[in-house]
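This report concerns only the one structure given below.
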2 protein chains.
Amino acid sequence: MTKKKAGKDAPALPRNSIIDGDCIDVMNSLPEGSVDLIFADPPYNLQLRGDLHRPDNSKVDAVDNDWDQFESFKIYDEFTRAWLSAARRILKPDGAIWVIGSYHNVFRMGAELQNQGFWILNDVVWRKSNPMPNFRGKRLTNAHETLIWAGKTEKSKYTFNYEALKSLNEGTQMRSDWVLPICTGHERLKNEAGDKAHPTQKPESLLHRVLLATTNPGDVVLDPFFGTGTTGAVAKMLGRDYIGIEREAEYRAVAAKRLANVRKIEADALEVTQSKRAEPRVPFGQVVERGMLRPGEELWSINGRHKAKVRADGSLIGADAKGSIHQVGAACENAPSCNGWTYWHYRRDGKKVPIDLLRQQIRSEMRAN
Amino acid sequence: MTKKKAGKDAPALPRNSIIDGDCIDVMNSLPEGSVDLIFADPPYNLQLRGDLHRPDNSKVDAVDNDWDQFESFKIYDEFTRAWLSAARRILKPDGAIWVIGSYHNVFRMGAELQNQGFWILNDVVWRKSNPMPNFRGKRLTNAHETLIWAGKTEKSKYTFNYEALKSLNEGTQMRSDWVLPICTGHERLKNEAGDKAHPTQKPESLLHRVLLATTNPGDVVLDPFFGTGTTGAVAKMLGRDYIGIEREAEYRAVAAKRLANVRKIEADALEVTQSKRAEPRVPFGQVVERGMLRPGEELWSINGRHKAKVRADGSLIGADAKGSIHQVGAACENAPSCNGWTYWHYRRDGKKVPIDLLRQQIRSEMRAN
DNA sequence: CGGGTAATTGAATCGGATA
DNA sequence: CTATCCGATTCAATTACCC
């Protein structure tokens with residue numbers, strides 16, 4: 001009989017399977033110290049009040065599932081403590097965990113990770129390239145989610161494939177902010193009725209980066225909130241073993257079907273070609289924020305016939321119009337449109353300088369990283 | 001004895017000054033409910049070791065081997081609880097707070113904000129365009145810090161200059177991820193020895209965006225960890241009043257010198273793009289009263305599919321409904337609500353004109369008095 | 001099949017004044 | 001406190017539809 005770390009009733013690790021049940025119970029039944037990586041996307045505990053409509057009067061399909069309802073922060077904290085503790089037990093000593101959340105829950109998860117002795121390695125920001133806007137104009141567009149990457153302990157010799165991520169990032173060090181689109185189109189799984197199969201399906205690109213960065217082929221990746229199985233699909237594709245835990249039969253069915261169709265990809269095909277980065281858009285407001293032009297300063301038109309004053313919010317106020325550098329320029333010239341960047345000039349040392357020079361300066365700083 | 005909100009020893013609010021002392025003591029001495037906005041950049045865990053006392057008042061030794069991680073968090077949490085509680089007391093009912101931190105402390109601050117009843121409005125990622133690289137290649141480049149923006153309570157009617165931020169972003173609404181460079185160059189304050197005057201000086205561009213977004217001219221902005229006074233400098237420049245609390249004499253001296261040299265920008269450059277919500281309300285009945293539309297005249301929906309007749313009391317009567325311009329519009333579109341001003345059009349010279357034009361005319365007459 | 005336009009949709013803590 | 005009414009408010013990406 002082989003020596004094993006778990007109690008005698010602990011089953012062998014059920015690699016590449018989807019387990020039915022509550023994730024805390026299931027994890028407690030698995031052998032201690034047996035999993036290389038855990039990726040967890042738990043309920044966010046959104047506290048939505050009424051309905052929300054878009055400006056075109058269509059209704060936003062909210063996440064109102066029972067599994068996201070908690071009575072209080074205290075109840076949510078107890079839930080977090082329980083599943084994180086169960087997750088920690090089954091991690092190998094050099095194992096690591098990723099959790100993802102929004103401001104509703106991520107601070108509580110992060111604090112509890114620290115309380116339990118996990119060692120935070122990075123927090124990572126998933127910057128969504130196409131987030132849902134803020135329809136009422138009452139807050140900032142909620143354009144990101146936060147991931148936390150933590151080792152089981154401070155001493156854990158965690159896996160980090162530095163070079164792989166560097167090449168993913170066109171040869172420069174991967175940063176803690178990742179720009180990736182949300183999961184839409186064909187990748188978004190639908191049920192028979194044609195509706196989304198799961199309200200919060202994550203994009204495969206996100207898991208691809210996580211698993212490429214922090215696991216090796218053959219590693220065991222466990223996801224306690226498996227949903228429709230994005231973690232499993234990417235793990236299988238990348239030659240890692242997965243274990244999914246999911247208590248909703250409907251999600252398990254979708255995930256099982258999905259996983260059956262996933263092909264492991266060849267090692268040489270793993271290299272991903274990143275799309276070329278477009279020249280970053282620079283709003284004129286940044287020129288003001290950065291103090292390159294001062295609110296109240298005057299700009300002159302390229303022909304010298306018009307002037308306008310810079311305001312603190314990056315808008316201009318001219319003789320007859322106020323608005324963006326483009327709008328006010330167009331109004332001055334009585335033209336349908338105008339490139340404000342080349343139209344407006346400021347004075348330095350008696351010379352007229354196009355504001356586009358300031359934009360170029362910002363862009364070169366951005367490129368320099 | 002008159003009833004007042006602050007304790008009897010509470011002084012008047014010391015606007016535009018830098019106060020010497022521990023921020024918890026100082027805030028507790030200020031009048032309750034008197035501050036519009038708090039911006040706080042508290043010290044991190046590690047930096048506190050030499051400065052903090054344990055709950056039993058024994059001094060924490062920086063090189064104390066008994067200092068374990070758990071106790072470190074416990075003491076940091078007590079510190080966070082104390083200063084956040086003091087901050088909350090002096091906020092106006094509709095006040096708000098910003099805190100900034102990294103993964104070392106921001107999760108604990110966020111959780112405590114929620115525990116105390118602050119209502120998180122957004123978490124904001126300051127994405128550094130020029131971060132320090134991770135030299136050892138063991139983790140991701142730590143390229144961001146996290147800010148949390150929270151109202152004093154869920155019900156607080158917080159200030160948010162939506163249009164101004166939209167303007168800063170050249171016409172599209174501002175997102176929760178902000179790309180701004182770190183504080184370097186001539187903006188970075190140096191001491192006599194030529195070293196940086198403060199280890200974590202924040203860029204003015206960051207404060208510019210925060211204050212432009214969530215305060216109005218004349219508001220009181222308090223910073224309990226004032227450091228070299230970036231919050232005060234930007235507040236003064238933008239015509240807001242500041243209160244800085246700082247216990248290190250060296251930082252206070254640098255901040256005082258800095259603030260003396262800050263010029264407030266002119267009032268007209270401070271004006272910011274206004275929301276339509278600020279415009280005075282015009283009842284549709286005024287349009288009829290003033291004879292701009294005659295009772296009996298027909299209006300057409302924006303899509304041309306519905307019509308309705310104007311009645312003498314400023315209500316409409318359509319095919320299936322009667323009532324206000326908004327109610328009849330909503331009924332026509334089978335929508336939960338409708339802005340009748342932009343929905344309904346009248347005919348002049350064969351052209352369809354939105355009735356909102358008539359409202360604008362009335363408003364401009366009101367402005368002219 | 002192509003090209004252009006319209007429609008759909010996404011982890012959302014999304015009013016405020018007046019009676 | 002609740003109920004009612006006015007009226008302000010969206011970005012990127014994909015898919016569907018039409019000619």
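Lettering of chains follows the sequences in order, A, B, ..., and the numbering in each one begins at 1. Computed from a predicted structure; not experimentally measured.
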Going by the rule salt bridge (Lys or Arg N to Asp or Glu O under 4.0 Å), which residues pair with [X] if we only count those two or more places apart in sequence or in a different chain?
| X | result |
| --- | --- |
| R311(A) | none |
| K155(B) | none |
| K92(B) | D36(B) |

### Task
Please determine, for the side chain of Y103(A), which listed nucleotide (dT13(C), dA11(C), dT10(D)) has the closest atom?
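Per side-chain heavy atoms of Y103(A), the pick is dT13(C).
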### Nearest-neighbour nucleotide for the P133(A) side chain, dT13(C), dG10(C), dT9(C) considered
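Between dT13(C), dG10(C), dT9(C), the one nearest the side chain of P133(A) would be dG10(C).
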Can you give me the N/O atom pairs linking the protein to nucleotides 17-19 of chain D at distances under 3.5 Å, or say none if there are none?
none

### Message
Is the terminal nitrogen or CZ of R108(A) (NZ for Lys, CZ for Arg) located under 6.0 angstrom from the six-membered ring centre of Y76(A) and within 45° of that ring's axis?
### Response
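Here R108(A) fails the 6.0 Å and 45° test against Y76(A).
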Pairwise [atom1] distance, [M] and [N] [rounded to whole Å]:
| N | M | atom1 | result |
| --- | --- | --- | --- |
| dA12(D) | dC14(C) | P | 23 Å |
| dA17(C) | dT9(D) | P | 15 Å |
| dC19(D) | dC1(C) | C1' | 12 Å |

Donor-acceptor list for residues 276-284 of chain B side chains, cut-off 3.5 Å, not counting sequence neighbours:
from    : atom 1 : to      : atom 2 : distance (Å)
R277(B) : NH2    : R136(A) : O      : 3.1
E279(B) : OE1    : R367(B) : NH1    : 3.3

Would you list the protein and nucleotides 4-8 of chain D atom pairs, both N or O, that sit under 3.5 Å from each other?
from   : atom 1 : to      : atom 2 : distance (Å)
dC6(D) : OP1    : S324(B) : OG     : 3.3
dC6(D) : OP2    : S324(B) : OG     : 3.0
dG7(D) : OP2    : H326(B) : NE2    : 2.9
dG7(D) : OP2    : W341(B) : NE1    : 3.0
dG7(D) : N2     : R136(A) : NH2    : 3.3
dA8(D) : OP1    : R359(B) : NH1    : 3.2
dA8(D) : OP2    : N339(B) : ND2    : 3.2
dA8(D) : OP2    : R359(B) : NH2    : 2.7
dA8(D) : N6     : S337(B) : OG     : 3.2

Considering every strand and a 4.0 Å limit on heavy-atom distances, what is the contact class for [X]: base, sugar-phosphate, or nothing?
| X | answer |
| --- | --- |
| N45(A) | nothing |
| N134(A) | base |
| P203(A) | nothing |
| E279(B) | nothing |
| Q173(B) | sugar-phosphate |
| G50(A) | base |

## Note on the structure
Residues at least two apart in sequence or cross-chain that pass side chain to side chain donor-acceptor pair (under 3.5 Å) with W149(B), listed by chain then number, are none
### Query
Considering residues at least two apart in sequence or located in another chain, which fulfil the side chain to side chain donor-acceptor pair (under 3.5 Å) criterion with T342(B)?
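Residues passing side chain to side chain donor-acceptor pair (under 3.5 Å) with T342(B): none at all.
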### Message
OP1 or OP2 of dC11(D) versus the side-chain N and O atoms of K128(A): is any pair under 4.0 Å?
### Response
no
### With sequence neighbours excluded, residues passing side chain to side chain contact (heavy atoms under 4.5 Å, CB included) with H198(A)
W67(A), T200(A), T228(A), Y251(A)
So which protein N/O to nucleotides 1-7 of chain C N/O distances come out below 3.5 Å?
none

### Message
I need the residues from residues 185-202 of chain A with at least one non-hydrogen atom less than 4.0 Å from DNA chain D; give them sorted by number, or say none.
### Response
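The answer is G185(A), H186(A).
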### Query
Counting a pair only when it is Watson-Crick or G-U and both distances are under 3.5 Å, which runs of at least 3 such pairs involve DNA chain C?
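As far as DNA chain C goes, consecutive pairing (with distances under 3.5 Å) yields the stems C:2-10 with D:11-19, C:15-19 with D:2-6.
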